[in-house]
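Predicted, not measured: the structure shown is a model, and the values here were computed from it. Ligands are counted one by one from 1 in listed order, and the atoms in each one are counted from 1 as well. Heads up: numbering here begins at 1 and tracks the sequence.
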Amino acid sequence: MSKVVTLNEFILDRQAEFPFASGELSRLLSDIAVAAKIVSRDVRKAGLVDHILGAHGNTNVQGEEQQKLDVVADEQFIKAFENGGEVCGIASEENDDYVAFTSEAAKKGKYVVLFDPLDGSSNIDVNVSIGTIFSIYRRTSDLGSEATLEDMLQAGDKQIAAGYVLYGSSTMLVYTTGCGVNGFTLDPSIGEFCLSHPNMKMPETGRIYAMNEGNIDICNPGIKDYVKYCQSFENDKGAPYSGRYIGSLVADFHRNMIKGGIYIYPGTTTSPEGKLRLLYECNPLAFIAEQAGGLATTGFDRILTIKPERLHQRVPFFVGSKKMVEKAMSLMQ
Ligand code: AHG
Ligand code: MN
Ligand code: MN
């Protein structure tokens, strides 16, 4: 039997590979893992809290109102970042503006974290997989000062690390620091993330496509052509692909990481920039996809080179197996 490698052991072993290895990034990744375990626990009892405890007036023992899980997750991660001492500020999908931490310790933090605390919110109430997505950058502002908007608006190719947590049939944490992608599964009996998917590679091609086809008539004609191609006997596989759409980007992305596939959330006539957020969803998953040998584009341009202009900026998103993304792009006008 081979030895179990926990996430913390793995992080420490890999620290030396890292150009600015002073331990702060390692501590930050460990803080994320602790927050992820707490959120995972809350996700696992979501139905109980809503339907049993919530029936008594929706307040907990401290008299606080029961909160929606995405607010709970947001607060849990912010707490971890604010008190960890490595992070000077954050931006989250759940907050209108970025948050610059004001404590002296936090102002000395080297990093900013941008994150989607709970991805796939519409799946919370129906017991379908959801996730957390995060992206870490070195600050560009001076150490010792408060974080600035410029710290948050860096292009994706400046990311130091990125990852996601999938609260699925098991809880997994997958991350990259730019030296490949590794996946860890939470063993609830020992409360540790254990290395289960070393050096993850996205298959070069696959036969699964994921998109909300309800939007097909309001998409660029290139998308219609690509979906027709996926459904045709004349495609590269000689048989129709399978359509799979969970509606939680993390879960659709994770499946494609393992089995090969493409995920598309295109611009539409009603939302030309699509739905997904560049800073909290597309950049971190694009970094992971590229590190695993996949591709991530807007249908025309590489996601990671976009210079963000706004915190909540949206972009069309094509991500997954390299050959599939290339084929979809070749049909875009
Ligand atoms: P969030 O729950 O963080 O707002 O993100 C939801 C996103 C993504 O996870 C999912 O793939 C997509 O929205 C689903 O959108 P549609 O319902 O429009 O298909
Ligand atoms: Mn999301
Ligand atoms: Mn969300």
Side-chain angles (χ1 to χ4, degrees), residues 32 35-36 39-40 42-43 46 67-78 90-99 113-135 156 162-168 172 174 208-220 223 227 243-257 261-289 296 298-299 303 308 310-320 325 328:
I32 290 175
V39 172
S40 177
D42 291 346
V43 166
Q67 289 171 302
K68 280 205 67 130
L69 213 44
D70 36 15
V71 178
V72 171
D74 191 46
E75 290 176 352
Q76 204 54 252
F77 279 99
I78 291 180
I90 59 101
S92 146
E93 190 196 89
E94 290 298 325
N95 298 299
D96 292 345
D97 207 353
Y98 70 94
V99 181
V113 186
L114 288 77
F115 64 105
D116 178 354
L118 258 205
D119 174 66
S121 313
S122 68
N123 280 326
I124 296 174
D125 295 341
V126 293
N127 204 358
V128 172
S129 300
I130 49 183
T132 297
I133 313 175
F134 61 89
S135 174
Y164 60 84
V165 185
L166 173 63
Y167 313 103
M172 274 195 77
V174 174
I208 294 176
Y209 73 102
M211 93 162 251
N212 182 345
E213 287 184 67
N215 292 331
I216 197 82
D217 280 340
I218 51 171
C219 289
N220 177 311
I223 302 282
V227 169
R244 294 278 185 279
Y245 190 71
I246 296 169
S248 291
L249 171 63
V250 176
D252 279 307
F253 178 86
H254 182 72
R255 183 204 51 242
N256 290 349
M257 273 284 277
I262 184 170
Y263 175 99
I264 303 178
Y265 208 111
T268 59
T269 49
T270 49
S271 312
E273 303 196 309
K275 176 179 184 185
L276 300 176
R277 278 128 301 202
L278 174 61
L279 298 182
Y280 320 116
E281 294 167 321
C282 304
N283 270 337
L285 295 185
F287 187 22
I288 295 167
T298 61
I303 292 288
R310 300 178 308 280
L311 279 179
H312 300 289
Q313 187 170 339
R314 297 171 195 264
V315 281
F317 196 38
F318 292 56
V319 68
V325 175

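Annotation: Tyr263 places an N or O atom under 3.5 Å from an N or O atom of ligand 1; distance criterion only.
Comparing Asn215, Ile124, Thr268, Asp119 against atom 8 (C) of ligand 1, the shortest heavy-atom distance belongs to Asp119. Nearest-heavy-atom check against atom 16 (P) of ligand 1 across Leu118, Asn212, Asn123 picks out Asn212.
The proximity of Phe253 to ligand 1, defined as any non-hydrogen pair under 4.0 Å, does not occur for either the backbone or the side chain. Using a 4.0 Å cut-off between heavy atoms, Ser121 contacts ligand 1 through both its backbone and its side chain. When non-hydrogen atoms are compared, ligand 1 lies under 4.0 Å from the side chain of Arg277 (C-beta onward) but not from its backbone.
Looking at Asp119 and the Mn ion (ligand 2) together, the shortest N, O or S contact belongs to OD1.
Below 4.0 Å from some heavy atom of Leu276 lie the following atoms of ligand 1, by number and element: 7 (C), 8 (C).
When only non-hydrogen protein atoms are considered, atom 15 (O) of ligand 1 lies nearest to Lys275 NZ, 2.9 Å. Summary of contacts: the protein heavy atom closest to atom 1 (P) of ligand 1 is Gly120 N, 3.7 Å.
Smallest separation of non-hydrogen atoms from Val315 and Cys282: CG2-SG, 3.7 Å.
Between the side chains of Ser92 and Asp74, a donor-acceptor pair is found at a separation under 3.5 Å.
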